[in-house]
Amino acid sequence: MSRGETHPEMSTSSNVLSEEQFLCSVCLDVFTEPVSIPCGHNFCKACIREYWNSTTLCQCPLCKDTFNRRPDLKTNTTLRDVADHFKRMKVTDREESSSKPGEVAQVQQMVQERLQKVKDIKYLVELSQRDAEREIAGSVEVFTALVRSIERSQGEVIEEVEEKQKAAERQAEGLIEELEQEITELLRRGTELDPLHQNSPSPIKDWSEISVHRDLHVGTVRRALSRLEETLHNEMEKSCNAELKMIRQWSVDVTLDPDTEHPCLIVSGNRKQVSYGDTWRNIPDNPKRFSTRLAVLGKEGFSSGRFYFEVQVRGKIEWVLGVARESIIRKGPTAVSPDGGLWALYMTGESKYEIKDTPPIPLFLSQKPQKVGVFVDYEEGQISFYDVENRSHIYSFTGCSFIEKLYPYLNPCDNEDGPNSLVISPVNHTD
């Protein structure tokens, strides 16, 4: 029976429980101390024990799945409680069917809803298990490839060093052979009495400047590590690509809240863009409005689950981007860090980046982000920043504890040179 389906014997009008759902297929009575076996079927503990004692095979009476050894039988407490309740309901139904039929049906409906919730939870656990298995398989593949690359690089280094050593040995052997020939010639000449040979000796080489080159192998390991670094960078890029593709499924349609914008900021008509306006506008004040930080919040806050959004920062040389908790101070000085309720990435100058923490954490990015992705996992306590176009991870806050709503936070700062806007970008799921 698939998820969400009802038993064919159930009433289609009230979706109430049928007795068949609580019958043991061995004794054909309502479960007593029900147990689940590995194939997923349920029986009374005494019934399945008696059945297995009466046969040589340890198998399921219904689907005939066979088990190598007799499974440990643990009581299915959820099914036991529901079956016991069903028994009581049957008695109550017989006694009070004429007086409270609606109440009984309502209770049965509530039980059915909770049984469905149990199924839903089990299904989510199964999905989580599949995700975990897929992640493990992927990590094994990646790290296996890296280990092979390391082993290959190590072999190449050893081969290069050994080849250089063999070349040095061949050179030395040649020189030694030549020296031995000259020694033989010198010894012969010293004992030769023929004056003709003494008057025309063979030329003798000057060996004072000749030696075997000793290779120090400078840069051999460094070059190998450089190749490994490139391999690792490629693997990290592929991993980040997969990560971005996965988290984009939690993208949300962020719109900005003009009631929170600083009076020097201007939010566009479609509420997707904020820029610095240079002058203090005469707009109504309210408790939500920032008066010290040049900031604006998203209209919708999030108090559970995951969400992701992207902001175009192209051309700007100063900005602050992240998420803020609902209670962030808006009318006076506050810590620009998680201590003050802000988790943000900050750019100042052409290439200076830092994480707003206590103290700030400097970042050294190889490329200038044009579009920044922000991902929040509320229950996991994690906030991550990504360079969307370069497919790279910038930074993650981890181990956070959130107890109130979180809102997208944009601060275009007061620079006026070049483009002066932060723009909420639609998330492209096909990249």
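It should be emphasised that the depicted structure is a prediction, and the values quoted were computed from it without experimental measurement. Counting begins at 1 with the first residue of the sequence.
- For residues 291-307, the side-chain hydrogen bond (donor to acceptor under 3.5 Å, both in side chains) pairs, not counting sequence neighbours, are R306-D377.
- Between K272 and D253, at least one side-chain nitrogen of the basic residue sits less than 4.0 Å from a carboxylate oxygen of the acidic one, meeting the salt-bridge criterion.
- None of V336, L342, V320 except one satisfies the side chain to side chain contact (heavy atoms under 4.5 Å, CB included) rule with N411; the exception is V320.
- Heavy atoms from other residues, nucleotides or ligands lying under 6.0 Å from NZ of K288 number more than 12.
- Taking each heavy atom of D357 and P338 in turn, the nearest pair found is OD1-CD, 3.8 Å.
- With no hydrogens or angles considered, no side-chain donor-acceptor pair links T398 and Q382 at under 3.5 Å.
- In this structure the side chain of N76 never reaches within 4.5 angstrom of the side chain of V35, judged on heavy atoms.
- In this structure, CG in N286 is found 8.5 Å from CZ in R330, a value given to the nearest 0.5 Å.
- Using a 3.5 Å distance cut-off with no hydrogens or angles, the side chains of Q249 and Y308 do not pair a donor with an acceptor.
- Taking the six-membered ring for Trp and the full ring otherwise, F402 and W343 have centroids separated by under 6.0 Å.
- For CZ of R148, the number of neighbouring non-hydrogen atoms (other residues, nucleotides, ligands) closer than 6.0 Å is 12 at most.
- Note that the CD1 atom of I48 and the CZ atom of F43 stand 5.0 Å from one another [nearest 0.5 Å].
- The shortest non-hydrogen separation linking K64 to P61 is NZ-O, 3.3 Å.
- Distance check, rounded to the nearest 0.5 Å: CG of D257 to CZ of R271 gives 7.0 Å.
- Inter-residue side-chain proximity for E33 and C44 is flagged as unmet; no heavy-atom pair is nearer than 4.5 Å.
- With sequence neighbours left out, K371 forms a salt bridge (Lys or Arg N to Asp or Glu O under 4.0 Å) with no residue at all.
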For the pair K331 and D285, evaluate salt bridge (Lys or Arg N to Asp or Glu O under 4.0 Å) and give the outcome as yes or no after the intermediate values.
CA-CA 10 Å; K331 303 298 184 183; D285 193 14; 2.6 Å; yes
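- By the 6.0 Å contact criterion, CD on E404 is enclosed, its count of non-hydrogen atoms from other residues, nucleotides or ligands being greater than 12.
- No side-chain N or O of S392 forms a donor-acceptor pair with one of N390 less than 3.5 Å apart.
- Other residues, nucleotides and ligands contribute only 12 or fewer heavy atoms inside 6.0 Å of the CZ atom of F143.
- By the 4.5 Å heavy-atom criterion applied to side chains, C264 and T279 are not counted as neighbours.
- Salt-bridge annotation for K164 and E160: present, with a side-chain N of the basic residue lying under 4.0 Å from a carboxylate O of the acidic one.
- Within the 4.5 Å cutoff, the side chain of T66 has no heavy atoms near those of the C58 side chain.
- Applying side chain to side chain donor-acceptor pair (under 3.5 Å) to E389 and the options Q367, R314, Q370 leaves one that passes, R314.
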Apply the test side chain to side chain donor-acceptor pair (under 3.5 Å) to residues R70 and N53: give CA-CA distance (whole Å), side-chain angles for both, the deciding distance (0.1 Å), then the verdict.
CA-CA 10 Å; R70 183 174 294 195; N53 289 336; 3.2 Å; yes
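- Atom OH of Y346 and atom CD1 of I355 lie 13.0 Å apart (nearest 0.5 Å).
- Using a 4.5 Å heavy-atom cutoff, the side chains of L79 and F31 are in contact.
- Contact of the V111 side chain with the V82 side chain is registered, since non-hydrogen atoms from C-beta on lie closer than 4.5 Å.
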Evaluate the criterion side chain to side chain donor-acceptor pair (under 3.5 Å) for residue pair S425 and E310; output intermediate values, then yes/no.
CA-CA 5 Å; S425 297; E310 295 177 354; 5.8 Å; no
I would like to know whether E133 and Q129 meet side chain to side chain donor-acceptor pair (under 3.5 Å); could you show each step before the answer?
CA-CA 6 Å; E133 290 172 354; Q129 178 64 29; 3.0 Å; yes
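- When the shell of 6.0 Å around NZ of K117 is examined, it contains 12 or fewer heavy atoms from other residues, nucleotides or ligands.
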Begin with the C-alpha distance, continue with both residues' side-chain angles, and end with the deciding distance and a verdict on ring pair (Phe, Tyr, Trp, His ring centres under 6.0 Å) for F290 and H262.
CA-CA 5 Å; F290 287 95; H262 186 279; 8.5 Å; no
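- With contacts defined as side-chain heavy-atom distances shorter than 4.5 Å, the pair I158/E162 qualifies.
- Rounding to the nearest 0.5 Å places CD of E173 at 9.0 Å from CD of E177.
- Within a 6.0 Å sphere centred on CD of Q171, other residues, nucleotides and ligands contribute more than 12 heavy atoms.
- Ring planes of F309 and F307: parallel class, angle under 30° (limits at 30 and 60°).
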Determine, step by step, whether R281 and E261 satisfy the salt bridge (Lys or Arg N to Asp or Glu O under 4.0 Å) criterion, reporting the C-alpha distance in whole Å, the side-chain angles of both residues, the deciding distance to 0.1 Å, and the verdict.
CA-CA 11 Å; R281 295 182 297 134; E261 65 177 333; 3.2 Å; yes
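- In this structure, the side chains of C60 and I37 come closer than 4.5 Å at one or more pairs of heavy atoms.
- Other residues, nucleotides and ligands contribute more than 12 heavy atoms inside 6.0 Å of the CG atom of L57.
- Only one option out of T260, I283, L297 pairs with R289 in a side chain to side chain contact (heavy atoms under 4.5 Å, CB included); it is I283.
- Annotation for E159: atom CD does not count as buried by contact number, only 12 or fewer foreign heavy atoms lying within 6.0 Å.
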I would like to know whether E113 and Q109 meet side chain to side chain donor-acceptor pair (under 3.5 Å); could you show each step before the answer?
CA-CA 6 Å; E113 289 171 353; Q109 175 67 24; 3.3 Å; yes
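- Between the CZ atom of R80 and the CZ atom of F22 there is a distance of 14.5 Å, given to the nearest 0.5 Å.
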